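Computed over heavy atoms, backbone and side chain alike; hydrogens, waters and symmetry mates excluded. Since we're looking at a predicted model, the values are computed, not measured.
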Amino acid sequence: MNDGPLRDGLSRRDFLKTVGVAAAVGAAVAPPPAAADPAPITVLGPGPVPVALEVNGAVRNLHVEPRTTLLDVLRDTLDLTGAKKVCDHGACGACTVLVDGAPYVSCMALAVDCAGKKIRTVEGLATGDTLTPLQEAFVRCDALQCGFCTPGMVMSGTALLERCPKATADEIRHGLSGNLCRCGTYAQILAAVQSVAGAAGGR
Amino acid sequence: MRAFEYVLAGTIPDAARALELAGAVVKGGGIDLVDRLKSRTIVPSRLVGVDRVAGLADIRVEGDALMVGAAVRIAALAEHAEVARRLPALAAAARDAATPQVRAMATVAGNVLQRPRCWYFRSALEACPKRGDAVPCPAIPGRHEYGAIFANTKCAAVHPSSLAVPLLALGAQLRVTGPAGERAIPFDALFVGPDVDILREHSLALGEVATAIQVALPAGVASAYAECRHRQSSDWPLATCAVAGRRTADGALSDVRVVLGAVAGVPHRALAAERELLGKRIDPALAARVAEAALEGATPLPLNRYKLAIVRAVVAEAVTALAPL
Amino acid sequence: MARHTLELGFAGDKKAVDIEVADGTPVPWGLDTPHTEVGERIPRVEARDKVTGRAKYTYDINLPGLLHARVLVSPHPCARVESIDATAALAMSGVRAVSLATDPDWPVGRQIKHEGQEVAAVAADSIDIAADALERIVVRYAVEPHVTDEVAALAPGAPQVHERTPGNTDAGRGQQQGDRDAAFAASSKKIEETYRTQVQNHTALEPHGSVAHWEGDRLTVWCSTQGTFSVLDNLARHFKIPQDKIVVLCHHMGGGFGAKFGAAGCDRLAVLLAKRTGKPVKLMYHRREEHLLGGNRPSSRQTLGVGATAEGEITYVDVDTSGAVGVAGSARCATPIIYRYRAANKRERNVYLHTPASCAFRAPGHPQGVFAFEMAIDELALALGLDPLAMRRKNDPNPVRAAQYALGAEKFEWATRYNKAPGAGGPLVRGIGVAATQWGQLGGPGTEAMVRVHADGKVEVFSGAQDIGTGTRTAMAILTAEELGLAAHAVASHIGDTRWPVGTASGGSRTLPSLGPAVREAAHNARAKLLAIVGSELGAPVSELSLAGGHVVRAGKRVCTWAEACARIPKATGRIDAVGARQADIAPYQRTVAGVQFAEVEVDLRTGVVRCTRVLAIQDCGTVINRLAAESQIAGGVIGGLAYALFEDRVLDPRSGRMLNADLEWYKLPGMRDTPEITAIAFDVSNGANTCGIAGLGEPTTIPTASAIGNAIANATGVRVRSLPFTPDKVQAAIDARRSR
């Protein structure tokens, strides 16, 4: 919220090194407390630190750098490649996963920030071969073409329907407005989500 | 992102101490910060996460004031019944900001204190005076169609915050804690335009952390918000307007404020529009006059003259929404 | 050989053609052929994999020891690389290899003629380390003057992009038909207007990229491509690898739109870095690189002159176009003159800039050409005081479009809504518009397929080609099932593996018209083999047996089930493999497919913001194989056209020449709140071009949308905006210009 003016990040960082402010490396290590400190501050990183992530109900104990995004951990470490990297910028929604029930663009979330939270990915929706009603609706309504945006769309739709099971068409448009599709499947996606919301009594 | 060290602060004093390291920055939801980390236009030594500070994500009514914790998510603000009932301008701005995912992640304080979305400022390839490069603003001779139409001689970036516009109209204050203790900064004194200091957009001191946004809830407070977008899904508005005041018996507003967003480097108070609106019974003709007055002092650039008409439209819409039934 | 009468066309225009059918080959389907699976609404066979995240795209391939690679690209539009120092990058922990533009084996171009040209690549243990390494590579550039603006490029003294194109343009091409002077003289109304279209980037969600994996001298490449076989050929030639040592895989791919035909720079670099490190390497372009290197549609500046007699008969069409292609490409504007006319005169030329090369993009040349032409026809109609739809109906000789105009007029309530669409009130006004189009690609020979029937009754169909997103697997299953008398979901489709039968690249809407008949022939051959086995056991002539409803049928009676038939396949082999090929075209009903679109818009007269509220798209797609997927394709084409009409635009800084919106924040694609109510009608026409009567439809559906929207804006506001995209500034300016008149 306040990073102050930063004229040259690199030289600032080099400056830090020259005055000997130790950056903790490796696992979570506390720097020596300053004289006035009532209690030490725990400094993580910049190297890999231990992080326990609860993904689709299973706790995964990992070592990740503080800078590593949730998306990269899911895809590159856990091989949960349903969430896609498209814009890497929080603008397209292809990497959407649920964090404590809220739809997150996982490319903009740091994995370390997600410790202790419940992460759900598209791989965690179906029970065995039984798809969720929304997944079934996507299949039935042909709400996908190339399919690259589909996991993000399914997750945004899931988040919406969990909060608002009888979502109206306008609410669905609003709730899925953070997901882009290049093949142009929006009309079918709207129909798919509507069919589930309608079955729940929505209009 | 270059590597950085990370402190997950448990309390605000811890966060303040962790921020004493030169080059340390606060991280809330991270939507603005992570983007700049990725473009490597910011390379901090340390991030100080405040997300786990107890109580920082609470919304409470305290007496005749609404206290919105700094780490309240935009989505939570948008869905809060009391906010929707008493501060419709704020609720409306929150409801349509960005995307559902960003609203779920981004904090209200981060939204208010975020840095501009200007494509020159955000690109490590472009030299930009706002990042400290000794060059004139490249957007002014370059591409500024989404840029400022007020106070744009040094920098054409617009302030991107949707929430800041109604908050300024509502006379909100930002509560901060820093090395010098706690203080409340009125939104009137919060924003810093490029003519004052091109390197920043707000007046928080180094090491200060936002803790809450306080909005007074005086009797009869009325507010409305309007925005215009090119694309209806997840687009930055071309212009926004929040109008707030207190209803008087004759269908007029007292203590009126008219604030424009996406038109200047800071949320822009349209003082001439406020004078035009103050104390007069609202009808479509008055709304049109207020809209015209809102443009006083505008200095559009060649590619953003079209924003004038958009400002007229959003001001008229917000004012009209406050007309007596 | 047997003679056969093939009934073609549609209910409104039937045409019987006598053909010869070679023995053993499938009888072509005609208008009267009954089907059980073909034309039904069948969910995609791979949909479950896509909604569960199980579908693995190239970007999703993780292999043991996989390295992650990034490319470093030039920030300058025109420069020479003087030196590259990668010492610091190579010294970093986790950096495994670099490839530099100064290396002798650098597999990409060395001359920098546009921003984004690759100059180095790094393979590292993680994507973050690769990005860190890019920062440590020091490239010394000799920066040279550039030109990235079309007007500036044509001015005297402008920097020259290529020596072979002095003045940054080519000689141009011209074409003339008919007696233009006489046609001009016969015109009682003439208009001449200039129309502009922007550069549009392909912006596939999955970027270009590959995972390359060497095992000894064998190379496996997962590639996000619309041409598995062309990638194989490109890589084999470039790296001088025997073709039998390469396998290219593409099981799923996240969009291509014309920009993913061969091996791109990233694909070659992945192969090179994998060779150098001895480990599998994944190299996918990052979004900025994808914008710069992932292809674009050229801009256009088109001056059209059109004339008509007082009765509204079109007399002449003059087209003079130029377009910025970047460093390479073709700015040819396809202006299919679908109406009767007496004379036409076309001139076109390319303008070269220091911007990335343009390439084929969903209906190359057509969205831009048809935008201008269908706007001009609308303007001509209005100048004559004619209803624009009536003008089209009067001049258009195509019987399919005639039926489509009639259907659309009724469904869109043209007569009651044109000029009088009720607005939402106040400053919001509504209007409707129409535009028509054609597309001329029906696929061709060169594609094969294989159908495998197992003794346990399982059926598989194979093609080495890929699915660009149109539903190829499902169509293959439907066609196989139709021929074998089974249900589509009983057939497993396998695609995207160059070890399987050769298939076309997915371009020109030719995938299914090429592949479909090959699949049908393979299934037909499998059917013949199976029936021969059954027939010999039953002592029945094969000619008396057929397959229907999961049974072998003789004289209308079920002889045995499918499973019982398959169980008779000799145990020594346990299966039947049958191949089929796409044969030469037979007797096309028409060489083109026809389409008409209607759009409704709402325009805010104060702000100039345009919203498209409804679209009706009626598209001839030959014999519809899967109605569900066909409608999706049509609606998707409409969204693509809407994006082109309202939002997309590449923004370059006028001084640096760099792209400012190389992201998905300011490079605007429409989202769900921008999506109109779309009615997609797959208009069945039996075209007889191939044994299945299939015509592709990926491209035609995106062509007329922008002009339908532009015509609707004119109807709503009374002003004509002749430049894409229809952004608020342009719409406002047009409205203001009328007010000030």
Side-chain angles (χ1 to χ4, degrees), chain A residues 10 65 67-68 72 75-76 79-94 121-126 129 131-132 134-136 138-151 154 170 172-190, chain C residues 41 43-44 46-57 59-62 66 68 126-128 203-207 252-257 284 286-287 467-471 628-629 631-633 635-640 642-643 663-665 669-678 680:
Chain A
L10 186 58
E65 290 180 55
R67 66 167 162 172
T68 306
D72 283 347
R75 289 179 53 80
D76 295 347
D79 198 28
L80 292 168
T81 55
K84 301 291 188 254
K85 187 183 279 189
V86 171
C87 75
D88 201 20
H89 185 63
C92 74
T121 73
V122 73
E123 290 90 347
L125 294 182
D129 281 340
L131 303 185
T132 65
L134 184 62
Q135 288 174 312
E136 289 284 5
F138 267 65
V139 173
R140 189 174 62 242
C141 298
D142 203 39
L144 48 88
Q145 287 185 34
C146 83
F148 213 67
C149 74
T150 307
V154 169
D170 275 351
I172 296 166
R173 285 195 182 90
H174 194 245
L176 270 69
S177 63
N179 291 72
L180 297 176
C181 167
R182 186 48 154 164
C183 300
T185 58
Y186 297 116
Q188 288 76 12
I189 294 169
L190 177 65
Chain C
R41 310 178 65 82
R44 292 173 200 236
E46 81 284 11
R48 292 174 69 88
D49 288 340
K50 287 180 173 174
V51 300
T52 54
R54 285 199 297 259
K56 291 284 181 188
Y57 297 74
Y59 214 145
D60 301 335
I61 300 300
N62 285 324
L66 180 74
H68 298 263
S126 78
I127 200 72
D128 283 331
T203 325
L205 293 194
E206 184 179 35
H252 297 280
M253 61 94 70
F257 309 102
M284 308 297 295
H286 200 255
R287 182 50 48 186
D467 180 2
I468 194 171
T470 53
L628 191 61
E631 288 171 1
S632 293
Q633 274 287 292
V638 168
I639 294 291
L642 176 144
D663 52 41
L664 292 179
E665 175 181 356
L669 299 181
M672 194 174 272
R673 291 175 94 179
D674 306 288
T675 299
E677 179 191 320
I678 303 172

Non-hydrogen atoms of chain C under 4.5 Å away: do they reach the side chain of [X], the backbone, both or neither?
| X | value |
| --- | --- |
| A:T121 | neither |
| A:C149 | both |
| A:E123 | both |
| A:E136 | side chain |
| A:D72 | side chain |
| A:L176 | both |
| A:I189 | both |

Notebook entry, point to check: Can any side-chain N or O of C:R287 pair as donor or acceptor with the backbone N or O of A:V86 at less than 3.5 Å?
Noted result: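 Side chain of C:R287 to backbone of A:V86: a pair is present.
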Partner chain A: residue of [options] with the largest heavy-atom pair count (under 4.5 Å):
| options | answer |
| --- | --- |
| C:I639, C:D467, C:D128, C:L628 | C:D128 |
| C:H286, C:E631, C:E677 | C:H286 |
| C:A629, C:G637, C:P670 | C:P670 |
| C:I468, C:D663, C:L669 | C:L669 |

Notebook entry, point to check: Between atom CD1 of C:I678 and atom OH of A:Y186, what is the distance when rounded to the nearest 0.5 Å?
Noted result: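 Atom-to-atom, C:I678:CD1 and A:Y186:OH are 10.5 Å apart.
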Next item on the list: Mind checking the OG1-CZ spacing from C:T203 to A:R182? Nearest 0.5 Å is all I need.
Entry: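 Result: 4.5 Å between the selected atoms.
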Margin query: Just to verify, what does C:E665 make a side-chain hydrogen bond (donor to acceptor under 3.5 Å, both in side chains) with, not counting sequence neighbours?
Written below: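 Applying side-chain hydrogen bond (donor to acceptor under 3.5 Å, both in side chains) to C:E665 gives A:H89, B:R117, B:W236.
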Just give me the residue among [options] that pairs up with chain C most often, heavy atom to heavy atom, under 4.5 Å.
| options | value |
| --- | --- |
| A:L134, A:L131, A:L80 | A:L131 |
| A:D76, A:V154, A:T185 | A:D76 |
| A:V122, A:L180, A:D142 | A:D142 |
| A:E65, A:R140, A:Q188 | A:Q188 |
| A:A83, A:G147, A:G93, A:A126 | A:G147 |
| A:G90, A:A91, A:G124 | A:A91 |

Flag the pair [X] / [Y] as yes when at least one side-chain heavy-atom distance between them is below 4.5 Å, and no otherwise.
| X | Y | answer |
| --- | --- | --- |
| C:I127 | A:K85 | yes |
| A:L190 | C:T675 | no |
| C:R48 | A:D129 | yes |
| A:N179 | C:M672 | no |
| A:D79 | C:K56 | yes |

Check: With sequence neighbours left out, what residues match C:Y57 under ring-ring contact (aromatic ring centres under 6.0 Å, His included)?
Finding: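 Scan of C:Y57 (ring-ring contact (aromatic ring centres under 6.0 Å, His included), adjacent residues dropped) gives A:F148, C:H252.
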Next item on the list: Might you point out which heavy atoms bring C:K50 and A:L144 nearest each other, and give the distance in Å?
Entry: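 It is CD-CD1, 3.9 Å.
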Notebook entry, point to check: Where do C:R673 and A:R173 come nearest, in terms of heavy atoms and distance?
Noted result: CG-O, 3.5 Å
Notebook entry, point to check: Which atoms of C:A680 come close to chain A, meaning under 4.5 Å heavy atom to heavy atom: side chain ones, backbone ones, both, or neither?
Noted result: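 Neither part; nothing is under 4.5 Å.
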Check: Where do C:D60 and A:R75 land on the side-chain contact (heavy atoms from CB on, under 4.5 Å) test, with the steps shown first?
Finding: CA-CA 7 Å; C:D60 301 335; A:R75 289 179 53 80; 2.8 Å; yes
